[in-house]
Chemist: 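This is the structure, below, for whatever I ask next.
Any value given below was found using the heavy atoms of this structure, including those in side chains, with hydrogens, waters and symmetry copies removed. When a ligand or atom number is given, it counts from 1 through the structure's own listing order. In this text the structure is predicted, and so the values were computed from the model without any measurement.
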Amino acid sequence: MINKAPKHPFRLWLQGLSLPDLLDVRGHSPDFSGSRAGYINTRIQPLALVLALLIPAWIPVDALFMPQGEFMVMAGLRVVAGTALLVLFFGCARNQLTLSQARFRLAVLMTAPLLLYAAARLVLNGDVAPGLILGYSFFPVLTVVMLTVFPLTLREAASFTLPVVLLYAALEVALGRSTDLQSMGGLWLLVLVTLVAIWSVMGQLLMLLRLYRQATRDPLTGLFNRRALTEQIELERARSRRHGRPLTVLLFDLDRFKRINDTHGHLLGDRVLQTFARVVEDNLRETDHFGRWGGEEFLAALPETGTEGAQTVAERVRQACEQATLPLANGQRLGFTTSIGVATLQPEESLDSLFNRVDEALYNAKAYGRNRVVEAEAPTRE
Ligand SMILES: Nc1nc2c(ncn2[C@@H]2O[C@H](COP(=O)(O)OP(=O)(O)OP(=O)(O)O)[C@@H](O)[C@H]2O)c(=O)[nH]1
């Protein structure tokens, strides 16, 4: 039996918030960062199109209310901003991108209205209709509000919003309006909207993280589930074929696991699965893919590894499992072993065939007496 003190509700709530994950990307898995980058990109695209159309659409209104000199500057900037946003819109169609590329695109999206705002504040003076100046003064708030549709960490949100607030404040100081009531009110509003925006983007990130983890992880071990793992292996298969590099899979099955459950209870069985998962992880490379294939079966895919190398890894895991033990309530320790099938992807082989072969190898490992590593037979012609 396992004795665990119940956790305080506040600690559970804090844990549920996954604070480190909300602060920055260090704890995010590369696959989540890739998915988030794609998600950010799909949201930049419609915003870029809307702004690319609306920003130049105001040029005729400026023409009516602005003196010629100011109009030329502002119209020119509107055309430049509109063109940049249109380029951004078409660029977003290519959406296999890294997080840094997504951040760069977001920065371009935000820079366009800010550029117009800064120019308007510096160029426009008392000759211009007050309504027009007021319209431009909404741009910083608009830019920050735009951010609320993106899932961002605190660090990212701060690095996007802080320059907006600083730009606003710097322009007010430069124009000698820092003690003006309207200017201070504008700053207050901007800071308020910024705080709400930061709260909103972190809330979106938390929701995305939770949904992503639910969809891709096995809740018991925290490993990838079968669907996520299969997607990763499909990508690895494509890479292996393109670069002519080997790819080997290992299929693990805990030995006589039913007996562990029946003798010591399901909870301890779960602990064995968790311990096994950590033991295997400790023996794999960071570039390997590992997940729960179902029940007490686990699968690892080892890119750039041939049969010989994979057998060494499998044998290392097998021995590490023999060494690992869990404490029992009666003071004794419980050990466990695993059987392992090994199969290397052959040229032109399908994933189904690879999975069937590794399954057969595992079956043979069980049949030969368990706690052993067995290499798969070569594939029959498909
Ligand atoms: N505790 C726990 N048990 C699980 C879980 N998933 C599957 N199992 C159990 O795993 C056991 C698998 O039993 P079998 O398929 O008979 O295999 P085995 O006892 O390991 O025997 P061999 O594979 O032939 O060595 C079943 O009792 C399942 O209930 C889980 O998430 N937690």
Chemist: Checking a contact table here: which protein heavy atom is nearest atom 20 (O) of ligand 1, and how many Å away?
Modeler: Phe257 N, 2.7 Å

Chemist: Which residue and non-hydrogen atom of the protein lie closest to atom 7 (C) of ligand 1, and at what distance in Å?
Modeler: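 Result: Gly295 CA, 3.6 Å.
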
Chemist: So if I count the atoms of ligand 1 from 1 in the order they appear, which ones are less than 4.0 Å from some heavy atom of Leu254?
Modeler: 20 (O), 23 (O), 25 (O)

Chemist: Please say whether Arg370 places an N or O atom under 3.5 Å from an N or O atom belonging to ligand 1.
Modeler: yes

Chemist: Decide whether Arg372 and Tyr368 meet the rule of one side-chain donor and one side-chain acceptor closer than 3.5 Å.
Modeler: no

Chemist: By number and element, which atoms of ligand 1 are closer than 4.0 Å to a non-hydrogen atom of Asp270?
Modeler: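 It comes down to these atoms of ligand 1: 1 (N), 2 (C), 30 (C), 31 (O), 32 (N).
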
Chemist: A quick test of your reading: do over 12 heavy atoms of other residues, nucleotides or ligands sit less than 6.0 Å from CZ of Arg370?
Modeler: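 Enclosed.
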
Chemist: Which is closest to atom 5 (C) of ligand 1 in terms of heavy atoms, Arg259, Arg292, Lys258, Glu296?
Modeler: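 Checking each option, the heavy atom nearest atom 5 (C) of ligand 1 is found in Arg292.
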
Chemist: Counting non-hydrogen protein atoms only, what is the nearest one to atom 22 (P) of ligand 1? Give residue, atom name and distance.
Modeler: Lys366 NZ, 3.4 Å

Chemist: What do we get for Asp253 next to ligand 1 when only non-hydrogen atoms under 4.0 Å count, side chain, backbone, both or neither?
Modeler: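 Under 4.0 Å from ligand 1, Asp253 contributes side-chain atoms alone.
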
Chemist: For Asp218, what residues pass the side-chain hydrogen bond (donor to acceptor under 3.5 Å, both in side chains) criterion, not counting sequence neighbours?
Modeler: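 So Asp218 forms a side-chain hydrogen bond (donor to acceptor under 3.5 Å, both in side chains) with Thr221, Arg292.
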
Chemist: Apply side-chain contact (heavy atoms from CB on, under 4.5 Å) to Asp253 and list each qualifying residue two or more places apart in sequence or on a separate chain.
Modeler: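 Listed in chain order: Glu296, Glu297, Leu362, Lys366.
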
Chemist: Go through ligand 1 atom by atom and flag the ones less than 4.0 Å from a non-hydrogen atom of Gly269.
Modeler: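 The atoms of ligand 1 under 4.0 Å from a heavy atom of Gly269 are 1 (N).
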
Chemist: Testing the 3.5 Å rule here: is there a donor-acceptor pair between the side chains of Thr148 and Ser200?
Modeler: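 Looking only at side-chain atoms, Ser200 and Thr148 do not form any donor-acceptor pair under 3.5 Å.
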
Chemist: Distance alone, cut at 3.5 Å: any donor-acceptor contact between the side chains of Arg333 and Thr325?
Modeler: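 A pair is found: one side chain offers a donor N or O, the other an acceptor, under 3.5 Å apart.
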
Chemist: Please state which protein non-hydrogen atom is closest to atom 28 (C) of ligand 1 and give its distance, to 0.1 Å?
Modeler: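 Checking every protein heavy atom, the shortest distance to atom 28 (C) of ligand 1 gives Asn261 ND2, 4.2 Å.
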
Chemist: Under 3.5 Å, is there a donor-acceptor pair linking the side chains of Thr337 and Glu322?
Modeler: no

